[in-house]
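Structure, as structure tokens:
Remember, it's a predicted structure, so these values are computed and weren't measured experimentally.
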Amino acid sequence: MKVSTKNKKSQKRERIKEKVKKPFLLLLSILIIGFLLRLSILNEIEKTGWSGTQLVEGTDMLTYHKDAEGILGGRHPVFAEATTVIYPYFLAAVYFFDKDINPVFFLQMLFAFFCYFLLYLSAKKVFGSLVGYITLILAVFYGPFILYENCLLVDGPIAFSTCIILYLLTRFQERPSLRNGLFVGMAVGFAALFRGNVLIFVPFCLIWMLIILKWKKALLYFSAFACGIALVLLPVTIKNYIDTKEFIPLSAKGGLHFFIGNNPGSTGHSDSYPENIEEIKKRINLCPTISGRSSLYAKEAIRFIREDTSAWLSLLLKKIVVFWGSWEVPNNVEYERFKEHSSILRLPIFLSFGLIAPLGVLGILLCLRRKETFLFSFFILSYFLAVILGLVLGRYRLGVVPGLLVMASYTIFWGYSRFSNKGIKGIILPILLFLALHFLLNFRIYFYQTLHPLLYKNGFCQKKGKYWLIADVPEEGFCMKKKFVSLSQPGQVIKKQLFLRKGLLSRAKTAIVCFAFAGGGEILLKCNGKEMAPIPCPNSNGLTIFGKMEFPVSYLREGENEFVFSYLSGEFNIPLEGLISCKRSFFSQDGKNWQEQKGEFTIRLKIK
């Protein structure tokens with residue numbers, strides 16, 4: 001009997017081990033495959049010179065790099081004037097051992113994989129193991145994550161830090177306590193050290209606690225949550241007071257960022273300002289305090305919102321559309337250019353925001369009646385609001401992706417469950433819902449591909465402040481499906497046709513042609529056959545930057561105008577918007593035989 005009992009216990013232990021072993025092997029396999037892919041990509045980008053694109057003048061990467069070098073030299077940054085607190089110290093810690101930036105990429109990759117594992121645990125706690133595995137696979141194969149693992153930018157670490165927040169929120173939901181509330185607050189405070197906009201989650205966290213708990217307990221645990229944030233931010237606040245003699249809890253950049261994203265000249269996705277920006281800067285700079293200047297910038301933005309509410313609402317709507325669309329708005333780095341450095345990344349196994357967003361939103365809608373999922377929905381909503389209050393950039397919205405990955409995984413699981421129970425008929429509804437959301441969130445792409453050439457046969461012609469803007473691409477910095485045409489040899493030429501309507505030249509005094517390029521050197525511009533002086537273009541070090549040339553209005557004519565850019569020296573990559581095709585962009589190897597391009601050059605004309 002004793003032997004039999006021992007055998008039964010032994011068999012039971014073996015069965016438990018088997019149950020644990022299989023999921024563990026699957027989990028380990030996903031992580032190992034993802035890790036090996038990352039190492040291969042890291043090896044590729046090291047050989048193709050990706051690190052050379054990081055330390056470029058005018059970028060945040062160079063700012064963080066210089067701050068890190070300053071820290072090693074004993075010069076600490078003023079947190080109140082910085083966009084991030086902790087990231088330069090992380091770089092300084094790495095540079096202390098090795099000033100090569102590739103170890104930074106490797107350490108960020110390790111941190112990312114730890115956070116992906118926590119995201120798997122978060123999804124598993126709320127939705128079960130299968131959704132957890134799907135979440136992990138989506139995270140490992142999400143393309144933009146790989147980009148920001150390999151950049152000297154704060155956006156990757158803050159996105160990965162949100163995985164920690166979500167995991168601790170699921171732990172708190174499972175076992176509400178003062179300690180768990182404190183840990184959640186400390187995680188939010190830690191993420192805020194990378195970028196402070198995550199603090200917008202604080203009121204949403206209170207609402208969430210009031211929903212899942214009785215109000216007395218909710219307030220008690222929220223106080224622990226708030227203490228956790230304060231505990232992390234207190235050293236920063238003290239240093240800010242020592243540096244500035246002002247009470248600044250984290251940073252005083254919020255007002256400026258709010259103004260950049262909400263002013264009469266804002267595009268919503270690039271650093272653009274009103275025409276009187278110099279006057280505004282001069283007035284605001286008279287204020288002696290850092291927090292005072294930030295407050296004045298915020299007041300300028302609020303004034304615009306009050307005085308021209310319709311224009312602001314139009315801008316806000318555009319930012320919402322850009323946020324949920326598939327376009328990875330470039331800033332400092334470009335995802336499409338990054339893929340050029342790695343043959344592995346160009347494989348169709350990597351996922352984009354255009355796929356994850358509709359799946360994630362559908363998951364949120366499917367879980368509207370499930371309280372246990374509200375932590376993901378509330379975090380997504382709060383981060384979405386934090387981004388659209390400023391500029392909508394691909395790097396800024398990265399922090400919302402972990403939550404969307406969990407909800408997207410649930411959508412996939414839901415569709416799979418319906419298929420298992422009802423067969424093909426069961427997945428008709430999920431597919432239709434996904435396609436509807438995909439079209440709704442990406443209608444801008446379909447509009448520019450189909451209706452745009454019909455509605456704007458002669459291109460855009462619209463008043464922007466003191467200038468009339470003539471272009472085929474709607475605004476500066478707009479390039480949703482970017483391609484490049486190379487000008488690298490004598491004789492190579494591009495041509496762009498722009499249409500001027502009647503009466504536009506009668507009062508015109510100034511004409512400026514604006515163009516985007518990557519590379520550098522010298523090009524020659526002709527307008528309607530009239531030659532201008534050569535245009536020297538600085539080396540962009542892999543970034544896409546803007547150039548411009550003022551020329552006499554007399555060179556222009558009503559109707560069709562031709563702008564021809566000829567190669568003189570250096571090497572240029574001229575961006576082409578692949579979504580829009582009006583048959584007005586051409587390339588020639590010799591200036592005689594022209595090839596019509598499948599897209600439009602982002603060349604624009606301003607007339608004052």
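Smallest separation of non-hydrogen atoms from L391 and G261: CD2-CA, 3.9 Å.
For the pair K47 and E44, the salt-bridge criterion is not met [side-chain N within less than 4.0 Å of a carboxylate O].
The cationic group of K496 does not satisfy the cation-pi geometry with F601, failing either the under 6.0 Å distance to the six-membered ring centre or the 45° limit from the ring axis. A cation-pi contact links R337 to F484, judged by a cut-off of 6.0 Å to the six-membered ring centre and 45° from its axis.
A 4.5 Å side-chain heavy-atom check between L199 and V188 finds at least one atom pair inside the cut-off. Within the 4.5 Å cutoff, the side chain of N197 has no heavy atoms near those of the Y396 side chain. Proximity of L433 to L365: side-chain heavy atoms (C-beta onward) are nowhere separated by under 4.5 Å. Using a 4.5 Å cut-off on side-chain heavy atoms (C-beta onward), V387 and V400 make no contact. Taking 4.5 Å as the limit, every side-chain heavy atom of E149 sits out of range of all side-chain heavy atoms of L42.
Taking the six-membered ring where tryptophan is involved, the planes of F111 and F160 are perpendicular, since the angle between them exceeds 60° and thus also 30°. Between F145 and Y142, the ring-plane angle classifies as perpendicular under the 30° and 60° cut-offs.
Here the NE2 atom belonging to H341 is positioned 10.0 Å from the CZ atom belonging to R346, to the nearest 0.5 angstrom. Distance check: L359 CG to I364 CD1 gives 11.5 Å after rounding to the nearest 0.5 Å. To the nearest 0.5 Å, atoms CG (L487) and CZ (F572) are separated by 7.5 Å. I344 contributes atom CD1, which lies 10.5 Å from atom CD1 of I45 (distance to the nearest 0.5 angstrom). With rounding to the nearest 0.5 angstrom, the CZ atom of F172 is 11.0 Å from the CG atom of L375. Annotation: the span from L130 atom CG to S417 atom OG amounts to 7.5 Å, rounded to 0.5 Å.
Less than 6.0 angstrom separates the ring centroid of W324 from the ring centroid of F384. Within the 6.0 Å centre-distance limit, the rings of F225 and F222 are counted as a close aromatic pair. A ring-centre distance under 6.0 Å is not found for F201 and F204.
Applying the side chain to side chain donor-acceptor pair (under 3.5 Å) test to residues at least two apart or on different chains, none of the pairs has a partner in residues 158-171. Applying the side chain to side chain donor-acceptor pair (under 3.5 Å) test to every pair with at least one member in residues 372-385, sequence neighbours left out, gives these pairs: R370-E372.
A donor-acceptor pair is defined here as one N or O able to donate and one able to accept, closer than 3.5 Å; such a pair exists between the side chain of S266 and the backbone of I260. When atom types are taken as modelled, the side chain of Q108 and the backbone of C151 share a donor-acceptor pair closer than 3.5 angstrom. Side-chain N or O atoms of E596 include none that pairs as donor or acceptor with a backbone N or O of R584 at under 3.5 Å. Looking at E328, its side chain never comes within 3.5 Å of a backbone N or O of S326 through a donor-acceptor pair.
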